[in-house]
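Position 1 is the first residue of the sequence; numbering continues from there.
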Amino acid sequence: MPIIEFTLAPGCPYIEVNQLLKATGACDSGGAGKMLVAEGHVSVGGVVEHRKTAKIRAGQIVDIGDLRIVVRDGDGDGDGNDADDAA
């Protein structure tokens, strides 16, 4: 299974799932991403996602077909917990 590591932009706590699919090249456009979600081809954390603009945060894993996207935090260590990044 191919794995893509996607790092959120610094200061950005999330990315919408349709935009994540576009940004990682899993589809050609945000509209195509919405269609993939609507058709039930996308899962987040192992659960099929039906919300086309679901907020995907650091630490979450998105699967589409045989592709896995791991979302990392752009502000620190990638765990989504900014409290320990200041230490």
Side-chain angles (χ1 to χ4, degrees):
M1 169 182 290
I3 297 175
I4 295 174
E5 291 196 20
F6 178 85
T7 303
L8 292 168
C12 186
Y14 67 87
I15 184 170
E16 293 178 354
V17 67
N18 61 312
Q19 294 300 318
L20 175 66
L21 298 175
K22 176 183 172 184
T24 58
C27 64
D28 294 332
S29 67
K34 287 182 179 182
M35 185 182 310
L36 289 170
V37 173
E39 293 174 352
H41 296 293
V42 179
S43 64
V44 178
V47 178
V48 174
E49 181 59 71
H50 295 287
R51 297 170 298 156
K52 299 170 189 168
T53 58
K55 295 176 180 175
I56 306 300
R57 301 177 188 279
Q60 290 188 290
I61 297 173
V62 177
D63 293 308
I64 175 170
D66 68 342
L67 177 66
R68 175 165 283 180
I69 304 168
V70 179
V71 180
R72 304 283 183 210
D73 183 3
D75 288 327
D77 57 15
D79 66 359
N81 182 2
D82 292 333
D84 67 356
D85 292 343

What side-chain donor-acceptor pairs closer than 3.5 Å can you find for residues 4-20, not counting sequence neighbours?
from : atom 1 : to    : atom 2 : distance (Å)
Glu5 : OE1    : Arg72 : NE     : 3.4

Please tabulate, for the side chains in residues 37-48, all donor-acceptor contacts under 3.5 angstrom to protein atoms that are two or more places apart in sequence or on a different chain.
from  : atom 1 : to    : atom 2 : distance (Å)
Glu39 : OE1    : His41 : NE2    : 3.3

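- Note on residues 20-35: no pairs pass salt bridge (charged side-chain N to carboxylate O under 4.0 Å, His left out), not counting sequence neighbours.
- Residue Ile61 shares its hydrophobic cluster (ILVMFWY side chains chained together at separations under 4.5 Å) with Ile3, Val70.
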Under 3.5 Å, side-chain donor or acceptor atoms of residues 62-69 against the rest of the protein: list the pairs with distances, not counting sequence neighbours.
from  : atom 1 : to    : atom 2 : distance (Å)
Asp63 : OD1    : Arg68 : NE     : 2.8
Asp63 : OD2    : Arg68 : NH2    : 3.3

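- Applying the salt bridge (charged side-chain N to carboxylate O under 4.0 Å, His left out) test to every pair with at least one member in residues 40-60, sequence neighbours left out, gives these pairs: Glu49-Arg51.
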